[in-house]
Amino acid sequence: MSRGQAARTGGDLVVESLAALGATTVFGEPGQHALGLFDALRRSDLRYVGCRTELSVAFAADGHARATGSVTPFIVSTGPGALGTLPALMESRAAAVPVLAVSSQIPADGLGGRRRGYLHELPDQAASFRDVVKSVHVVRTAGQIAPALAEAWELALTAPAGPVLVEIPQDVLLAETGIPAVRELRVAPRPLAPQAELVAAAADLLVRAGNPVILAGGGVVRAGAQAALLELAQELDAPVATTFGAKGAFPWEHPLSLQSWLEDRHLTAFLEEADVLLVVGSGLGELSSNYHTMRPRGRVVQIEAELGKLESNHPGLAVHADARLALEELARAVKGARTGRDGTAGRPGAQPAARPGAQSVAQSAAQSAAQSAAQSAVRDVLSRVAARLDAPDLALERSLLAAVDRALPERAPSFWDMTILAYWAWSAWPRPMESAQGAGGLGYALPAALGAAAATGGPVLAVSGDGGAMYGLAELATLHQHRLDVTWLIVDDGGYGILREYMTDAFGTATGTELARPDFAALAAAFGVAAWRTTPADLESDLARALRTPGPSVVVLPATLRMFAPTHLAG
C-alpha cells in the first residue's frame, strides 16, 4: 500500500465509533502516542477543535457538553497529556457533566507492570483517574474499542451524569484492522426512577406541611427538570431557593423565588424554619448550606441521583432518583393526595380526577390567603437581604454585575472563572450561568466558553479575573484560528482578589496574591483578537458592542472589587 493510501486502523475504529454514538465535535491536543487518532480524524467528518493545553481541551469539552446536554469527547496523549486533564475532569465530575476522555497509552507490551522505559510511561495511568471520573475503560485489543466507547458513552449519560475515561495503547491505535467500519452503536442510559413508596411518603409530608420550602440544586438543571420543579412549587405554593449551580432552575422573578442568596443568614434562617425542606439535586454541601451553618429544624426530603450524597449532611427521607423523574412523579402524587384530602376518592400518591366545583368558596379563599402568605414571606426575605447589601458600600460591584447582565443577549450562555465578580454572580445573577464552583479550579471560563461557542455558534461570554486569565491566554490562538464567537471579560485587579480578601481578613495582610501580568488588550491584539480597555462607566456599552461583533474579542476592566460580608462568620 502506498504512503498516501492509509489502511483502516484502530484509530479509525475510535473515530467511527464516536460518530456512530452521535459525536459531531472532538476537542484535542496531539501527542506522540495519540497520532493514530489524529490521523484517523483526517478521514472523518467530525469537526476537530484543537486547544493549546490539555487542561483547556478538557474544559472546552465540558463547556460543549453543558451547551448541548449530551456527551462531548476529547482526545489526548499519554502520561503528561492525560494527567493534564485531571483538574477539568474533577470539575466535570462535581458538576455532573458528560465528558468522554479518550487517552492513548504506551504500547501494550509495556503494560502490566513491565517497566520498558517508554516515553510517558506510568505504572498504572488509569489509577490516576479512578477517583476523579465516573468510570475507567481499559482497551487492549481493536475488538474492544467500539464496545468500550459505547459502554463509556452510556455511563456518561446515566444519572448522575459525569466524565468517563477510555485508554487505548499506541500500537492498537496504529495497527491495521479488518474489523468492519463502525456504522451504528446503540446506547440506552438506565433511567433512575424513584421508588413509588418513597414518592408517596414525600408527597404526604409535603401536603401536610404548613410551611414547605424547596431548595433546588444543580441536578435540577442537569436533568432538565425545570418545568417539573415549577409545577410542583406552584402546586404546593412553596418558596424555591436555588443553589449556585442551579441558575435557571426556577424563574428568578417568580413570586415564589427566593433566588440564590445562600450565603446570607436571612435565607439560611428561612430554610431552617421550614417544617418540610425539599432538597432536589443537591447534597447540601459547603456552599449550599452557608458553609455548614444551616441546621434544618423540620423534616428534610432529599432527592439526589448520586448515592453518596444522600443524607451525607442531614438525615431525612432519601429518594435516590433522577431529579426530573422524581419531580414529575412527586407533582402527580401531590395533586392526587390533595384531591383525596378535599373529599374525592384518593390517597397520597394516587391520581384521581378533579371534581368540578369540589372546592368551596371558603376553601378557595383559604388557598389564596396561603399563597399570599408564602409570597409575602419570600418578599420579606429578599427585602432583608437587600437591606443588608445596602449597608456597606457595594454599589460598584452591584452596578458592574447589572451592566454585564444588560449587555449580554437574552439567550447567550456565560461561563465564569473563580473570581470576585463570579462570586457575586452566584448570588445575584438572575439567569442561567456556568462556573467552576463544582471543583473550584482556575482557568475554566475561556476554554469552556470556546467549547460552548463551537456548539452554539455564539455569542458566548467568558468572565475571568486577571489571575484566572493567565491560565487560558494560549486559547486566544484557538479563538482566532477557529473564529469562535467568544467575548472574554477580564476584571484586572492585579492579583488573586478573593484570596487577597481572605488572607487580609484572616491574617491582617496578604501573601503571594499580587501578580505581575501583561497588557491583556495588547496581548490579545497580538493574537489577532479585537480588544480594548474599558471603565465601570463604559462597561455596558463596550461589552455589548463586543458581543454584537462576530468573532472573538477581549474587554479588559481594571477594577478592584470587594465581596459582601460573610454571614457564616458573623453568626
Side-chain angles (χ1 to χ4, degrees), residues 23-30 38 41 44-76 85 88 91-92 97 99 404 407-417 432-436 442-464 468-490 520-532 542-556:
T24 58
T25 302
V26 178
F27 298 87
E29 171 78 0
F38 286 84
L41 273 176
S44 82
D45 293 328
L46 291 176
R47 180 187 184 188
Y48 172 68
V49 178
C51 298
R52 298 314 192 260
T53 70
E54 285 83 3
L55 177 62
S56 291
V57 165
F59 274 146
D62 178 290
H64 189 277
R66 296 191 196 210
T68 62
S70 187
V71 180
T72 295
F74 70 77
I75 55 178
V76 291
T85 68
E91 172 61 36
S92 298
V97 179
V99 169
V404 175
L408 188 66
E410 182 178 356
R411 297 188 180 278
S414 60
F415 292 80
W416 303 65
D417 246 323
M433 62 176 284
E434 303 290 352
S435 75
L442 282 174
Y444 172 77
L446 182 62
L450 75 84
T456 67
V460 179
L461 174 66
V463 181
S464 299
M470 295 296 289
Y471 281 70
L473 286 176
E475 302 315 320
L476 288 169
T478 304
L479 293 180
H480 177 70
Q481 180 173 345
H482 295 279
R483 301 305 301 165
L484 295 169
D485 193 3
V486 174
T487 293
W488 192 15
L489 172 61
I490 301 173
F520 289 108
L523 186 62
F527 280 99
V529 173
W532 53 90
D542 287 342
L543 191 59
R545 177 177 55 158
L547 287 160
R548 286 194 305 268
T549 304
S553 58
V554 171
V555 177
V556 182

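Remember, predicted model here, so these are calculated numbers, not experimental data. Residue indices begin at 1 and follow the sequence shown.
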Where [X] and [Y] come nearest, the two heavy atoms and their spacing:
{"X": "A521", "Y": "V556", "value": "N-CG2, 3.9 Å"}
{"X": "D417", "Y": "S464", "value": "OD2-OG, 2.9 Å"}
{"X": "A462", "Y": "V486", "value": "CB-CG1, 4.4 Å"}
{"X": "A455", "Y": "A67", "value": "CB-CB, 4.0 Å"}
{"X": "A65", "Y": "V99", "value": "CB-CG2, 4.4 Å"}
{"X": "S435", "Y": "E91", "value": "O-OE2, 3.5 Å"}

Measure the shortest side-chain to side-chain distance between [X] and [Y] over non-hydrogen atoms and say whether it is less than 4.5 angstrom.
{"X": "T487", "Y": "P459", "result": "no"}
{"X": "C51", "Y": "L450", "result": "yes"}
{"X": "L41", "Y": "L46", "result": "yes"}
{"X": "F520", "Y": "M470", "result": "yes"}
{"X": "S414", "Y": "E434", "result": "no"}
{"X": "V57", "Y": "T85", "result": "no"}
{"X": "D62", "Y": "Y444", "result": "yes"}
{"X": "V555", "Y": "W532", "result": "yes"}

R52 versus T478, side-chain donor and acceptor atoms under 3.5 Å: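 Yes, a side-chain donor-acceptor pair sits under 3.5 Å.
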
Check against side chain to side chain contact (heavy atoms under 4.5 Å, CB included), L461 and L543: CA-CA 9 Å; L461 174 66; L543 191 59; 4.1 Å; yes

Ring geometry between H64 and F27 (parallel below 30°, tilted from 30 to 60°, perpendicular above 60°):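 Rings of F27 and H64: perpendicular, over 60°.
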
To the closest 0.5 Å, what do you measure between [atom1] ([X]) and [atom2] ([Y])?
{"X": "F527", "Y": "E475", "atom1": "CZ", "atom2": "CD", "value": "9.0 Å"}
{"X": "F59", "Y": "F415", "atom1": "CZ", "atom2": "CZ", "value": "12.0 Å"}
{"X": "L446", "Y": "L473", "atom1": "CG", "atom2": "CG", "value": "8.5 Å"}
{"X": "D485", "Y": "T549", "atom1": "CG", "atom2": "OG1", "value": "8.5 Å"}

Partners meeting ring-ring contact (aromatic ring centres under 6.0 Å, His included) with F74 (sequence neighbours left out): none

T25 vs T72, side chain to side chain contact (heavy atoms under 4.5 Å, CB included): CA-CA, chis, key distance, verdict: CA-CA 7 Å; T25 302; T72 295; 5.8 Å; no

R66 (side chain) donor-acceptor with A448 (main chain) under 3.5 angstrom: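 Side chain of R66 to backbone of A448: no pair is present.
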
